[in-house]
Amino acid sequence: MILIEKKQEFYQALMDKNTDYEGVFFVGVKTTGVFCRPTCPAKKPKLENCEFFKTAQEALLASFRPCKRCRPLSHPSQVSPLIQTLIEAVEENPSKRWKESDFNELLVDSSTARRQFKKRFGMTFVEYARARRMGLAFKQIRDGEAVIEAQLNTGYESSSGFRDAFSKIMGAAPTKLNKYYHMLMLKAAWIDTPLGLMIAISDEEALYLLEFVDRRGLEREIEKLRIKTKAQIIPDSTPPLLSIEAELNAYFKGTLTEFKTPLHLLGSSFQKLVWKELISIPYGQTRSYAEQAKFLGKQTAYRAVANANGANQLAIVIPCHRIINSNGDLGGYGGGIARKKWLIDHEKQHKATRY
Ligand SMILES: [Zn+2]
């Protein structure tokens with residue numbers, strides 16, 4: 001999320017085509033669905049139609065596609081023909097999952113592609129394709145049910161690939177809901193936080209999943225959830241989704257230390273045990289993996305405990321960020337180390353002002 005004051009500043013930079021802001025932000029234009037560099041020569045959008053992002057990956061995950069005029073993915077110098085070929089291939093079929101053989105077909109060496117993409121965009125080609133694919137799937141969730149209905153009514157075709165992208169990740173293609181009356185429906189919502197965009201999935205009673213949208217492995221995680229519950233996921237609002245959004249707001253303000261939104265834990269009995277133990281770690285405190293294993297009475301199952309922590313699907317709410325290495329190092333985090341550090345510091349600070 002980018003702060004209001006920053007939005008004004010970035011918007012001014014956009015109006016001025018200020019080159020100082022190259023690489024500082026990208027702007028997504030809601031009316032056209034593209035994202036641009038600050039210096040894009042195209043007609044400038046109105047402020048209310050702009051969404052600002054710090055990285056291209058975030059803009060892709062927020063369902064925007066790269067602008068053809070300013071080519072936000074080719075700054076600062078022109079991209080190689082190899083990168084251009086691959087970006088075009090993704091746009092042709094955004095729902096595709098890339099395999100080694102696909103690179104061979106395009107006469108492209110996958111390791112060269114990986115290296116060039118990483119150097120240019122800070123993400124590998126596979127990560128780029130994934131961000132674009134997930135972004136398309138998320139579009140439904142961001143735009144809400146009304147959009148699906150409108151598209152169905154006008155016989156929307158999947159030329160943009162977004163219907164395919166959606167169904168591959170979220171379940172059967174969005175369609176008239178009554179056809180699926182026999183299926184469990186899970187509802188998904190999009191939550192904007194100071195640490196980035198999150199996706200939340202619930203039924204009418206409880207929250208099943210809460211993750212940062214750029215988390216590694218999120219795509220598989222959502223698929224697993226869908227297969228385990230035999231559910232279809234559609235964009236909607238539920239009491240747990242409204243509750244978690246309000247609670248996250250308060251948490252990030254530092255006024256909430258304990259989440260009350262009901263949770264549905266989907267895992268083995270051992271995993272559930274580990275997750276419940278995580279919830280019992282008080283706000284603002286950290287614990288090592290070894291201590292955590294001891295609390296559980298499973299000193300020898302240290303690795304299994306660490307794996308169960310890693311399998312947590314309810315970021316922040318089940319505070320796996322409160323588990324650090326015995327030597328004081330932060331250890332790993334699915335949402336990235338920077339976020340883990342931020343969360344630990346945030347809690348320490350607000351715990352200090354509280355007591
Ligand atoms: Zn542009």
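First listed ligand is number 1; within each ligand, the first listed atom is number 1.
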Ring centres of Phe259 and Tyr251 under 6.0 Å apart? yes
Below 4.5 Å, heavy atoms only, C-beta onward: do Arg287 and Glu277 meet side chain to side chain? yes
The Zn ion (ligand 1): which protein N, O or S atoms are under 2.8 Å away? Cys36 SG, Cys40 SG, Cys67 SG, Cys70 SG
Considering only residues two or more places apart or on different chains, which pairs with a residue in residues 200-213 satisfy salt bridge (Lys or Arg N to Asp or Glu O under 4.0 Å)? Lys187-Glu204, Glu211-Arg215
Nearest atoms (heavy-atom pairs only) where Pro194 meets Phe252: CD-CG, 3.5 Å
Show every donor-acceptor pair shorter than 3.5 Å between a side-chain atom in residues 302-320 and any protein atom, with sequence neighbours excluded, or say none if there are none.
unit_1: Asn312; atom_1: OD1; unit_2: Leu314; atom_2: N; d: 2.8
unit_1: Asn312; atom_1: ND2; unit_2: Leu314; atom_2: O; d: 3.4
unit_1: Asn312; atom_1: ND2; unit_2: Ile318; atom_2: O; d: 2.9

Going by atom type alone, with no hydrogens or angles, which donor-acceptor pairs under 3.5 Å involve a side-chain atom of residues 38-49 and a protein atom two or more places apart or on another chain?
unit_1: Thr39; atom_1: OG1; unit_2: Glu22; atom_2: OE2; d: 2.5
unit_1: Lys44; atom_1: NZ; unit_2: Leu14; atom_2: O; d: 3.1
unit_1: Lys44; atom_1: NZ; unit_2: Pro38; atom_2: O; d: 3.3
unit_1: Lys44; atom_1: NZ; unit_2: Cys40; atom_2: O; d: 2.9

